[in-house]
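Here is the structure we will look at.
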Amino acid sequence: MIKVTLPDGSVRQYPKGSSSMDVALSISEGLARNVLAAKVNGQIVEANRAIETDVNIQLLTWNDDDGKAAFWHTSAHLLAYALETLYPNVKFGTGPAIERGFYYDVDFGDYKFSEADFAKVEAKMLELARQKYPNVRKEMPKKEAVAFFEAKSDPYKLELLEGLADGTITFYETGNYTDLCAGPHIVDTSPIKAVKITSVAGAYWRANEKNKMLTRVYGITFPKKSDLDDYLLAFEEAKKRDHRKLGRELDLFYFSESVGMGLPLWAPKGAALRENLIQFLRKIQTRAGYQHVSTPHIGKKELYITSGHYAKYGQDSFQPIHTPEENEEFFLKPMNCPHHCEIYNAKPHSYKELPIKYAEFGTVYRYEQSGELHGLTRVRGFTQDDAHIYCRPDQLKAEFLKVVDLVNFVYSNLGFSEFQTQISLRDPHNQEKYLGTDEMWNMAESAIIEATRERGMKTTTKEGEAAFYGPKLDFMVRDAIGRKWQIGTIQVDYMMPENFDLKYMGSDNETHRPVMIHRALFGSMERFIALLIESTGGNFPLWLAPEPIRILPISDKYNDYAQTIMRQIMDATDLVVDIDERDEKISRKIRDAEVNKIPYMLIVGEKEQAEGKVSPRRKGQGDLGGMSVADFITHFQGEIKGAITQFNA
RNA sequence: GCUGUUAUAGCUCAGUGGUAGAGCACUUCCUUGGUAAGGAAGAGGUCCGGGGUUCAAGUCCCCGUAACAGCUCCA
């Protein structure tokens, strides 16, 4: 007998060789029906794998991410099985489960797999799933594995095998389909009841652009048809929050082919939104001890040679502009740090002055590959809420933590509670990509790791994601359909102070090298606003709304009264107020204001004019009843005060 | 940059090789109104650009441009 410990701590006894499925069956048949895989002593395995020793078991169902992963992993095999049946001679790359569904990378030879094929593949997958094929795990010596794929003349699987040690090779058989695979899988194919092939796109073999491009077929499957319907419906709903769509609908920004791709044009409403965000942050940064600076949009080539950016990105930048006579070369600035370092270097500094924090809403230009451009989230001209903190090495951790706190403050006020944090380190196997000494890197990386640990932050760590001059702590949020974007970043840099020969005079009357922290909280105004649009669906908090108040006169007889009200509000506050003077009925004006997502409508007609009042209507709430202008202003300002917490530096 | 898809009025989109369409928006007129679309009339087109096939191209083919999805990249 073996002892099985369940997550609630209960211990049960089973005959040796029992499986997780047996455990599930002993609890309830319903549970057994829902079990997709199991976590046995922390390792995820098939639910029917025999257990020989005492173990901890967690049964995994559709409610567990790992359960879904097993389900979708099997679905990927099912996809491959269907493709192999329908398109003889296809070769397979890799086919993992992903966050939402799965894909398989396929070499179709000369065949162009397209959307027209989707329905056929879906039908075949469902047909195969219904056969209730068991997923049979097989361990195999490497020699045998190689022979199998040589017989199949499958170059991709053979290449994958090269990287595997003998004795670790496992295969899974599903019907007539056999794949090199580490598993785990669901017990058989029958739970797969709904299938959707979602898209097809190119993907480089082994994620290397020098390799051949395979065809990546994406799909998603569910245990219930209604789950698929719900998923597709939710996806359609999410697409309505796309910032590119809302940007046009709310008249925020545009692109023009004549201006150039990736160069956003901010319309008045968008510019107002942007300005509100800048004002908010400028005020907080000033309180946090930042000094705002302003630097030009270009800089001489030599500046970027000094910083190291020229060697790294010179060829992949917008190419230099030249002066007509002297033929000097100037680059559009791709980042603000070199300019800020020059401000630092403009005069000598004492240790008593540090930390020095230069902030700038600095507009930069980067040549992004054409295929990368994406609405406002990836553009070629954008404004960073950039700042550089010059501090003594002994101040580094404290300063880093202050920035972390600032990020938390700003995001919480903007409703971004779901952000993720990632520590981006250098790739230990590819160190020539980076500048600086091991000592510098170790100091910088440990500063970030210690600081995040000190705050108890949940971070993920990624090697190879660092900037070439230093490691980073990145803050990421998801867009409407779940894609992750980096917004904030905090970077520790020992390199740039070296390159620019930055100094300060220490208490020992010797010169010392400061450490630099590069940081941006929004990242770029463009990307941040894009994500703000998607997270709010265009219903911005009152204090950010580009048009917070619109006065709606009942008829043109009350336009003059509306003007009086507008002036009263604008005199008492610095708010933007508009009047809808169109020759339309009030219900129409209300509808249009609702559609335009205007937070406050002020309805004025005969009654209001007679009583010297306004009738506010809050978007989404309806009529608030008549009140005086003074009462409305109090009400309005109260809502803003309630929305922003006080920042204490 | 790579693979694929798409491009028709300001927006959303129909359009079968044979006279360019709808809804919304816009303009004018009527209407002067009370909490989510009042009525009528009008104007608006390089069918993305260039080339080709054809008696005839918005429609078929090629090249380019841009957008979209994904890959790769991201100071």
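By convention in this document, chain letters (A, B, ...) are assigned in the order of the sequence lines, proteins followed by strands, and residues within each chain are numbered from 1.
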Just the rounded figure in Å: distance from P of B/A75 to OH of A/Tyr310. 19 Å

Counting Watson-Crick and G-U wobble pairs only, both distances under 3.5 Å, name the nucleotide matched with B/U5, or none. B/A67

pi-stack flag for A/Phe468 and B/A75, centroid dist under 5.5 Å, interplanar under 30°: no

Roughly how many Å apart are B/A22 and B/U65, using the P atom of each and rounding to a whole number? 35 Å

What is the distance from CG of A/Asp583 to C1' of B/A37, rounded to the nearest Å? 15 Å

Find the distance A/Ile586:CD1 to B/U31:C1' and express it as a whole number of Å. 16 Å

Taking any heavy-atom pair under 4.0 Å as a contact, classify A/Lys607: base, sugar-phosphate, or nothing. base

Does the gap between the ring centers of A/Phe416 and A/Phe528 come in under 6.0 Å? yes

Salt bridge or not between A/Arg591 and A/Glu594? Use side-chain N to carboxylate O under 4.0 Å. no

Ring center gap for A/Phe108 and A/Phe113 short of 6.0 angstrom: yes

Comparing A/Lys619 and A/Ile554 on RNA chain B - which has the more 5′ nearest nucleotide: A/Ile554

According to the Watson-Crick and G-U wobble definitions, with both distances under 3.5 Å, which nucleotide is paired to B/G44? none

Within 45 degrees of the ring normal and closer than 6.0 Å to the centroid, is that where the cationic atom of A/Arg216 sits relative to A/Tyr104? no

